[in-house]
Colleague: 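Submitted below is the structure of interest, expressed as structure tokens.
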Amino acid sequence: MSSPFSKSLLRWFDTEKRDLPWKETRDPYKIWISEIILQQTRVAQGLPYYLQFITRFPDVIALANAPQDEVLKLWEGLGYYSRARNLHHTAQLIRDEYNGKFPDTYEEVLALKGIGAYTAAAIMSFAYGKAYPVLDGNVKRVVARYLGIHEAADLPATQKTIMAWLNGEIPKSKADDFNQALLDLGATVCLPQNPLCNVCPVALDCVAQKEELQGLLPVKSKVVKKKDRFFHYFLIIHPAGQILIEQRNSKDIWQGLYQFPMVETNTDKSLKKTEVQAFFEETGFSVGTDGAKID
DNA sequence: AAATCGGGGCG
DNA sequence: CGCCCAGATTT
């Protein structure tokens with residue numbers, strides 16, 4: 001028996017699913033390649049790479065036997081190049097330790113380099129039909145909105161909550177379609193900005209839709225905004241040859257340490273004449289005839 | 001829990 | 001320019 005959510009989702013998927021080449025195979029090797037390429041990479045960007053990759057390396061042995069340089073060359077432009085190195089390394093491990101046959105248990109797949117919880121679940125469901133829910137950025141967004149989760153979606157505790165709910169929703173017989181449907185829904189309907197709730201199959205029971213929270217969910221854990229800091233140091237030399245330093249009293253990582261006298265600004269532009277004058281007035285130093293050049 | 005890893009598309 | 005993308009790994 002399937003829930004209203006799963007039922008509506010799968011019915012929508014029947015007619016609205018994206019037509020993508022890695023959906024046409026159950027070959028764990030090809031599904032593995034597609035999942036690695038699509039890690040943090042848009043489908044439109046990864047698609048041509050996938051086609052080139054499986055053309056040049058049609059199976060795990062071909063990949064394992066290729067020189068690493070060639071694998072990296074095919075990866076050129078995709079970024080996150082450790083993915084390509086892990087791919088090559090893992091292909092050789094499968095060749096040597098698994099007799100060329102891709103492993104088919106979750107634990108074994110998860111243990112492979114470059115494969116985390118998401119990719120392991122994707123391979124288990126798409127290649128072997130096993131009921132392991134996938135949890136990626138799309139799924140987090142869809143579920144956080146559907147359930148109205150106000151905790152940050154990328155926190156481990158929240159992911160556990162979402163995963164528990166997914167485990168109760170995923171149908172054993174159509175686990176692969178369920179996972180694909182969630183990914184497709186997140187990518188084409190439940191968009192990060194301006195989701196298309198009017199065509200969403202589960203909008204009626206969606207908490208975010210009911211309470212108009214689509215723009216607020218999912219909540220992200222706040223990123224500490226990095227501020228640029230610019231330090232302008234003065235080299236002040238006494239006629240007798242001594243050089244002036246001061247001790248930092250500001251409460252930061254350098255508290256108590258010594259430095260040349262300094263003015264901090266939030267731009268990297270050189271100090272204006274007025275700022276330099278202000279510095280000398282505050283400190284009580286004056287500029288001698290052969291002293292600092294002010295411009 | 002947060003930083004790091006990249007390149008690209010888009011408003 | 002900031003955000004986001006079929007995340008994984010290290011600190």
Side-chain angles (χ1 to χ4, degrees), chain A residues 9 13 17-25 28 30-51 53-54 72-90 106 109-127 132-145 151-160 162-163 166 170 175-196 214-228:
Chain A
L9 179 68
F13 184 67
K17 66 175 169 184
R18 289 180 292 178
D19 189 18
L20 298 167
W22 44 85
K23 293 185 182 177
E24 310 302 319
T25 181
K30 289 179 182 168
I31 288 166
W32 170 52
I33 299 296
S34 74
E35 292 301 339
I36 300 298
I37 288 177
L38 292 172
Q39 285 170 1
Q40 291 294 284
T41 303
R42 291 171 190 279
V43 166
Q45 187 193 1
L47 181 53
Y49 285 86
Y50 170 79
L51 296 174
F53 222 85
I54 61 167
L72 287 170
K73 183 65 181 172
L74 270 185
W75 207 263
E76 206 171 62
L78 259 188
Y80 290 114
Y81 293 94
S82 63
R83 291 185 294 176
R85 287 190 292 273
N86 289 150
L87 212 50
H88 190 225
H89 174 272
T90 295
Y106 179 82
V109 172
L110 182 62
L112 299 173
K113 265 191 186 138
I115 295 185
Y118 164 80
T119 304
I123 292 172
M124 291 309 295
S125 65
F126 299 150
Y132 290 89
V134 292
L135 182 52
D136 77 328
N138 288 306
V139 180
K140 284 176 204 166
R141 185 170 59 253
V142 170
V143 177
R145 284 174 176 165
E151 292 75 34
D154 51 352
L155 258 45
T158 311
Q159 295 194 41
K160 269 187 70 177
I162 295 176
M163 191 56 93
L166 288 170
I170 190 169
D176 49 351
D177 282 355
F178 178 84
N179 280 342
Q180 289 280 14
L182 275 176
L183 297 176
D184 283 6
L185 189 69
T188 66
V189 175
C190 197
L191 305 169
Q193 267 80 37
N194 307 315
L196 311 176
Q214 301 96 316
L216 301 177
L217 300 180
V219 174
K220 289 171 298 181
S221 49
K222 51 171 170 279
V223 288
V224 281
K225 193 177 155 228
K226 287 173 192 162
K227 249 177 53 183
D228 292 331

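Here is how names work: the chains are called A, B, and so on, in the same order as the sequence lines, proteins then strands, and each is numbered from 1. All values reported here derive from a predicted model rather than from experimental measurement. Side chains are part of it too, since the values below use all heavy atoms of this structure and drop only hydrogens, waters and symmetry mates.
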Colleague: Can you figure out which of dG7(B), dG7(C), dA6(C) approaches the side chain of Tyr80(A) most closely?
Modeller: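 Of the candidates, dG7(C) comes closest.
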Colleague: Test ring-ring contact (aromatic ring centres under 6.0 Å, His included) on Tyr50(A) and Trp22(A); report intermediate values, then the result.
Modeller: CA-CA 9 Å; Tyr50(A) 170 79; Trp22(A) 44 85; 5.2 Å; yes
Colleague: Classify the nucleic acid contact of Leu182(A) as base, sugar-phosphate or nothing, counting any heavy atom under 4.0 Å across all strands shown.
Modeller: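 The residue Leu182(A) makes no contact with any strand.
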Colleague: Nearest whole angstrom, please: distance from the P of dA8(C) to the CG of Asp154(A).
Modeller: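 Whole-Å distance recorded here is 14 Å.
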Colleague: Which part of the nucleic acid does Trp22(A) contact within heavy-atom distance under 4.0 Å: base, sugar-phosphate only, or nothing?
Modeller: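 The residue Trp22(A) makes base contact.
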Colleague: What is the distance from CG of Leu183(A) to P of dC5(C), rounded to the nearest Å?
Modeller: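 Roughly 12 Å, once rounded to whole Å.
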Colleague: With a 4.0 Å limit, can you tell me whether Arg141(A) has a side-chain N or O closer than that to the phosphate oxygens OP1/OP2 of dC4(C)?
Modeller: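 No, because none of the side-chain N or O atoms of Arg141(A) sits under 4.0 Å from OP1 or OP2 of dC4(C).
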Colleague: Given atom CG of Leu87(A) and atom P of dA8(C), what is their separation to the nearest angstrom?
Modeller: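 Spelled out: CG on Leu87(A) to P on dA8(C) is 13 Å.
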Colleague: Among dC4(C), dA6(C), dG7(C), find the nucleotide with the atom closest to the side chain of Pro192(A).
Modeller: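 My answer, after comparing the listed nucleotides, is dC4(C).
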Colleague: Closer than 4.0 Å, any side-chain N/O of Gln40(A) to the OP1 or OP2 of dG7(C)?
Modeller: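 Answer is yes, contact under 4.0 Å.
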Colleague: Distance check, C1' atoms only: dC3(C) and dG6(B), in whole angstrom units.
Modeller: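 Taking atom C1' in both dC3(C) and dG6(B), they lie 15 Å apart.
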Colleague: Go through dA6(C), dG7(C), dG6(B) for me and flag the one nearest to the Arg83(A) side chain.
Modeller: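 Selected nucleotide (nearest to the side chain): dG6(B).
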Colleague: Asp176(A) and Ser125(A): side-chain donor and acceptor closer than 3.5 Å?
Modeller: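 The criterion, which ignores hydrogens and geometry beyond distance, is not satisfied for Ser125(A) and Asp176(A).
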Colleague: Any base atoms under 4.0 Å from Ser34(A), or only sugar-phosphate, or nothing? Heavy atoms, all strands.
Modeller: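 Nothing, no nucleic acid heavy atom in range.
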Colleague: Starting from the 5' end of DNA chain C, give me the residue, Gln193(A) or Leu135(A), whose nearest nucleotide shows up first.
Modeller: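 This one resolves to Gln193(A).
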Colleague: With respect to the phosphate group of dC4(C), does any side-chain polar atom (N or O) of Lys220(A) fall under 4.0 Å of OP1 or OP2?
Modeller: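 Yes.
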Colleague: Just how far, in rounded Å, is C1' of dC5(C) from CD of Glu35(A)?
Modeller: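 After rounding, the reported distance stands at 13 Å.
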Colleague: Need to verify one output field. Residue with the more 5' nearest nucleotide on DNA chain B, Ala157(A) or Thr41(A)?
Modeller: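 This one resolves to Ala157(A).
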Colleague: Tell me: CG of Leu78(A) to P of dC5(C), nearest whole Å?
Modeller: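 My rounded result for the distance is 17 Å.
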Colleague: With sequence neighbours excluded, what pairs up with Lys73(A) under the salt bridge (Lys or Arg N to Asp or Glu O under 4.0 Å) test?
Modeller: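 Checked Lys73(A) against salt bridge (Lys or Arg N to Asp or Glu O under 4.0 Å); matches are Glu76(A).
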Colleague: Under 4.0 Å, counting only non-hydrogen atoms across every strand here, what does Ala44(A) touch: a base, just sugar-phosphate, or nothing?
Modeller: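 Nothing: the residue Ala44(A), judged by heavy atoms under 4.0 Å, touches no strand.
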Colleague: So Tyr106(A) and Tyr132(A), would you call those rings parallel, tilted or perpendicular, with 30° and 60° as cut-offs?
Modeller: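 Taking Tyr132(A) first and then Tyr106(A), their aromatic rings lie parallel (interplane angle under 30°).
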Colleague: Under the 3.5 angstrom rule, does the side chain of Arg83(A) hit a backbone N or O of Ile37(A) as a donor-acceptor pair?
Modeller: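 Between the backbone of Ile37(A) and the side chain of Arg83(A) there is a qualifying donor-acceptor contact (under 3.5 Å).
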Colleague: Under the rule for side-chain contact (heavy atoms from CB on, under 4.5 Å), what residues qualify as partners of Pro28(A), not counting sequence neighbours?
Modeller: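 Partners of Pro28(A) by the side-chain contact (heavy atoms from CB on, under 4.5 Å) criterion, ordered by chain and then number, come out as Phe102(A), Ala127(A), Tyr128(A).
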Colleague: Find the distance Gln39(A):CD to dG7(C):C1' and express it as a whole number of Å.
Modeller: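 My rounded result for the distance is 5 Å.
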Colleague: Residues in side-chain contact (heavy atoms from CB on, under 4.5 Å) with Leu182(A), at least two apart?
Modeller: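 Phe5(A), Leu9(A), Val139(A), Val142(A), Leu166(A), Phe178(A).
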Colleague: What is the distance, rounded to the nearest whole Å, between atom NZ of Lys140(A) and atom C1' of dA8(C)?
Modeller: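 Answer to the nearest Å: 11 Å.
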Colleague: Are any protein N/O atoms closer than 3.5 Å to N/O atoms in nucleotides 9-11 of chain C? If there are, list each pair with its distance.
Modeller:
{"unit_1": "dT9(C)", "atom_1": "OP1", "unit_2": "Gly114(A)", "atom_2": "N", "d": "2.5"}

Colleague: Tabulate protein N/O versus nucleotide N/O from nucleotides 8-11 of chain B, keeping only pairs under 3.5 Å, one per line.
Modeller:
{"unit_1": "dG8(B)", "atom_1": "N2", "unit_2": "Arg42(A)", "atom_2": "NE", "d": "3.3"}

Colleague: Who are the salt bridge (Lys or Arg N to Asp or Glu O under 4.0 Å) partners of Lys23(A), not counting sequence neighbours?
Modeller: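 Lys23(A) satisfies salt bridge (Lys or Arg N to Asp or Glu O under 4.0 Å) with Asp184(A) once adjacent residues are dropped.
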Colleague: Judged by modelled atom types alone, do Glu35(A) and Tyr118(A) share a side-chain donor-acceptor pair under 3.5 Å?
Modeller: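 On atom types as modelled, these side chains qualify, holding a pair under 3.5 Å.
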Colleague: For dG11(B) and dA6(C), measure between their C1' atoms and round to the nearest Å.
Modeller: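 The same atom, C1', in both gives a distance of 23 Å.
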Colleague: Can you check whether Val219(A)'s main-chain N or O pairs, donor with acceptor, with Glu151(A)'s side chain at less than 3.5 Å?
Modeller: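 No; zero donor-acceptor contacts below 3.5 Å.
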Colleague: Would you check if the side chain of Trp75(A) reaches a backbone N or O of Gly79(A) as a donor-acceptor pair within less than 3.5 Å?
Modeller: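 Checked: pair present.
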Colleague: Measure CD1/Ile37(A) against C1'/dG6(B) and give the value in whole Å, please.
Modeller: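 Value for this atom pair: 15 Å.
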